[in-house]
Structure formats: structure tokens, C-alpha cells
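Labels below follow one simple rule: chain letters A, B, ... track the order of the sequence lines, proteins then strands, and each chain is numbered from 1. Just so it is clear, the model here is predicted, and its values are computed rather than measured.
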Amino acid sequence: MDMTPDPAPPAQPLPEPRRLGPLARLAPEPMKVVLNWGRRYSLWVFNFGLACCAIEFIAASMSRHDFIRLGVIPFAPGPRQADLMIVSGTVTDKMAPAVKRLYEQMPEPKYVISFGACSNCGGPYWDSYSVTKGVDQIIPVDVYVPGCPPRPEALLQGILKLQEKIARESTGERYAPAKPSVQALTSGLVTPPAPAPGSGSGSGDTK
Amino acid sequence: MAPLPGIPGIPGSGLAKGLAVTLRTMTKRTVTAQYPDALPELPPRSRGVIALFEENCTVCMLCARECPDWCIYIDSHKETAPPAAPGGRERSRNVLDRFAIDFSLCMYCGICIEVCPFDALFWSPEFEYAETDILDLTHERDKLRDWMWTVPAPPALDPAAEEPKEIAAARKAAEKAAAAAEAARRDQGSRDDQDEGDA
């Protein structure tokens, strides 16, 4: 009996999501405005509730704050049907691959709100060995909502901010090939300045 | 009475129950806060954002050292003032160069506000400062100073509370001055009477 496993299939390149047809450039400006208007007020939200901030998210979805008024619909069956991911809570290094994977499953155009200090940049766990210092290290974030936890109204204000951003954006710019911010993040180490020729190199000049 | 388990109830009773809930809810007032149109009424002690009253700050660094998140950045330099009187000692004081709070990191514990010995930090109930860039969440001193305009007045004292020390001292001084003036006036008046009696 042949126990050798089947040879692994050649690695398929991931489908390229960032490609626009020529129609995107040819589309008239009113059409873009209408499309942006539609995206803006139909944000099917996918809640990544990881800690106590998720409670505030739930409060914002309930009848007192009720973000369905703003067009944010919390009934997405999964990431494949969602437009907006709200990461509310502490992203641990163990959870980070799942966050990234579910983000990649969302259809374009997709938006991310980072809700609370933990997902902004680690928050109280800034010195922890196991917490990702900000969800923006793994996925791009559109709006950061500060607070620990933020009020439900703060989430509503973050959603309004995101809606303004969606109204301004154009798909051509959104799917532009290179972003300077990524370049800045992945740039190499800064080389230290060369020592001055007069100063010696050794332990003698440290005093 | 609930139907026994296993025995189905009257057909349509579930529908009637659901509609009864709908009817009951329909007659109640709505509880939804209309946030973007109507701002919420927050109590003055709400922990929204930290405001800096930089005139009171002496750069003692207590807030930056006590912050559990190390989210306060303070830079300062020392200035030497000439002596007030000739032959006196030169006085040095710290001048604030930079005061920044990173609100993406802040955990809103309020320890900085509690330890501030000169009341330079205050809570403000403002919460509308979500940003699209995380760098904008580090509020520099001018922005922190602007939050100061949103700080509510401190809550009133209890009716039976002890008087604040400053007000008590001022009131005592004023009473003492008034009593002295009264005594002087009475003294003057009696002396006038005496003078009139002598005449």
C-alpha cells in the first residue's frame, strides 16, 4: 500500500483583488457619487468582538443607540457578506491570523474600524508578550475610535467619519497599486551616522 | 397556563403571543437616542477626554510617571530668572515645551488627573474625536488646551458640606475687617457723644 502522500499541488497564486476594469475609469462622476452613496448607507457589519469593547458594540446595535439608523446592518451571516469589519477588543498574536484571514474573505470594497485602545495600539497591554500592538499591523484600518472602552456614541461618530470617507473616496485611488505608507512601514533600518573622524572608537571616550 | 410538554397548544396561540408583544411595544415610547442630531447629556464626571490647563503645569512629570500606559509625553527646559532683589539668589523654573497624550493608548484610568498636584489636568466629557490616521490621536498641547473649554464646572457641594478652605479664610478676614470697622465707628461715635456731653 502506498503510504506516501500525494505530491502537494503547485501553490496557486491568490486571486488578485486589486484590479479594476476600464469601466471604472470611464464611469461618469455622477455614477461614482451614486455608488459611493449606496456603499455609504449600506454597511453590512461584521463584528470582531474580542473583549469588553464588544459589549459597547452590542450596546450601540441595540435599541437605545441603534446604528441601523445610520445604515449599519449587523446581520451579516459571515465575513463573505460583510462590507465593514469592526475590530472591538484585544487582538492577541494567536488571534491575529484569524483576523487577517477573515478580513481577506470579505469582498471588496471593505472597510475596517478599530474600536478601542486595545485594537488601536495595544492599549493597557502595550507591554504584553502576547498581544498584537494594534490591529493595523495586520490589516489596514480606516477609522480609529479612541476609548477604553469608547462610548456607543463614539462608535456612531466613528461610523459617521467612515461614511464621510466613503463619500469622498474614488475606487481608482483606492485600488492604486502602491501606497507610500506601506513603503514607509517596510523600509529598512536607519543607518547610524558615521562617527566623527576626531573622536576615537573605544571605551576611552565614553567617560 | 402553559401547555404540558409534548401536547401542542391551541393552534395560533404563538402568533397571538407574538402580536401581543408587538402591540405592547407599539404603545410604548421609543428609547432611541438620536445621536448625530441630539447630543447625549453626559454627567460632568464622564471620562471622555483629558484636558490640559497648561498655565497650571509645573512640569513635575508626576502624571507621566504614574501613567500605567506611558502615554503622556512631556518635554521641558529650565529657565533661570534673575534675582528679585539685588544680591539675591537666581531662581530657576521649568518651562513646558511639549505636552502630548496619546489617546490611542490611553486607558482612561484618570490617575494622571488624580496625581496632578496643581490641578492642570481635567476630565472633559467630549468623545467625538475618532480619526482616520492614528497619528492624529496623539493630541499635542494646543489641542489639549482646546479641550479645556469643554470641561464642565465642578459639581456643587453638598448642602451640609464644610466650606472650602479658601472661602472660609476669605470670609473670616472680611468679618474681622468689618468688626474692626464697626468697633472703630462705635468708638468714634461714643467719643463724639462724650465731646458733646462735655460741651
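The backbone N or O of Ser63(A) sits less than 3.5 Å from a side-chain atom of Thr32(B), completing a donor-acceptor pair.
Closest approach of Cys148(A) and Cys106(B) over heavy atoms only: CB-O, 4.0 Å. Scanning both residues, Pro146(A) and Ala130(B), for their nearest heavy atoms gives CD-CA, 3.8 Å.
The 12-atom threshold is not exceeded at CD of Glu162(B), counting heavy atoms of other residues, nucleotides or ligands nearer than 6.0 Å. Annotation: Arg171(B), atom CZ; neighbour count of heavy atoms from other residues, nucleotides and ligands within 6.0 Å is above 12. Within a 6.0 Å sphere centred on CZ of Arg101(A), heavy atoms belonging to other residues, nucleotides or ligands number 12 at most. The number of heavy-atom neighbours closer than 6.0 Å to OH of Tyr125(A), taken from other residues, nucleotides and ligands shown, is 12 or below. Heavy-atom neighbours of Met61(B) CE from other residues, nucleotides or ligands within 6.0 Å: above the threshold of 12. Taking a 6.0 Å sphere around CD of Glu41(B), one finds it holds 12 or fewer heavy atoms contributed by other residues, nucleotides or ligands.
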Gln157(A) and Tyr129(B): CA distance, side-chain angles, deciding distance, side chain to side chain contact (heavy atoms under 4.5 Å, CB included) verdict: CA-CA 8 Å; Gln157(A) 199 250 339; Tyr129(B) 51 104; 5.7 Å; no
Check against side chain to side chain contact (heavy atoms under 4.5 Å, CB included), Trp126(A) and Asp102(B): CA-CA 12 Å; Trp126(A) 61 279; Asp102(B) 186 355; over 6 Å; no
Audit row: Glu128(B), Glu153(A), side chain to side chain contact (heavy atoms under 4.5 Å, CB included) steps and yes/no: CA-CA 8 Å; Glu128(B) 294 176 297; Glu153(A) 289 98 343; over 6 Å; no
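For the options Asp133(B), Leu137(B), Leu105(B), Thr30(B), heavy-atom pairs under 4.5 Å to chain A are most numerous at Leu105(B). Across Asp69(B), Asp136(B), Thr132(B), the residue that shares the most heavy-atom pairs under 4.5 angstrom with chain A is Asp69(B). Contacts with chain B were tallied for Pro149(A), Ala117(A), Gly158(A), Gly123(A); Gly123(A) has the most, counting heavy-atom pairs under 4.5 Å. When Ala154(A), Ser114(A), Pro124(A) are compared by the number of non-hydrogen pairs under 4.5 Å with chain B, Pro124(A) comes out ahead. Interface check for chain B: of the options Asp142(A), Asp66(A), Val145(A), the most heavy-atom pairs under 4.5 Å are formed by Asp142(A).
Pro36(B) is listed as a side-chain neighbour of Arg69(A), based on a closest heavy-atom distance under 4.5 Å.
We find the CD1-OH distance between Ile159(A) and Tyr35(B) to be 10.5 Å, quoted to the nearest 0.5 Å. From Cys118(A), atom SG reaches atom CE of Met107(B) across 9.5 Å, with rounding to the nearest 0.5 Å.
For Asp136(A), the part sitting under 4.5 Å from any heavy atom of chain B is the side chain, from C-beta outward, and nothing else. Using a 4.5 Å cut-off between heavy atoms, Leu156(A) touches chain B through backbone and side chain atoms alike. Only the side chain of Leu42(B) has a heavy atom closer than 4.5 Å to any heavy atom of chain A. Heavy atoms closer than 4.5 Å to chain B are found nowhere in Ile113(A), neither backbone nor side chain. Contacts of Arg64(A) with chain B are made by both backbone and side-chain atoms, with heavy-atom separations under 4.5 Å.
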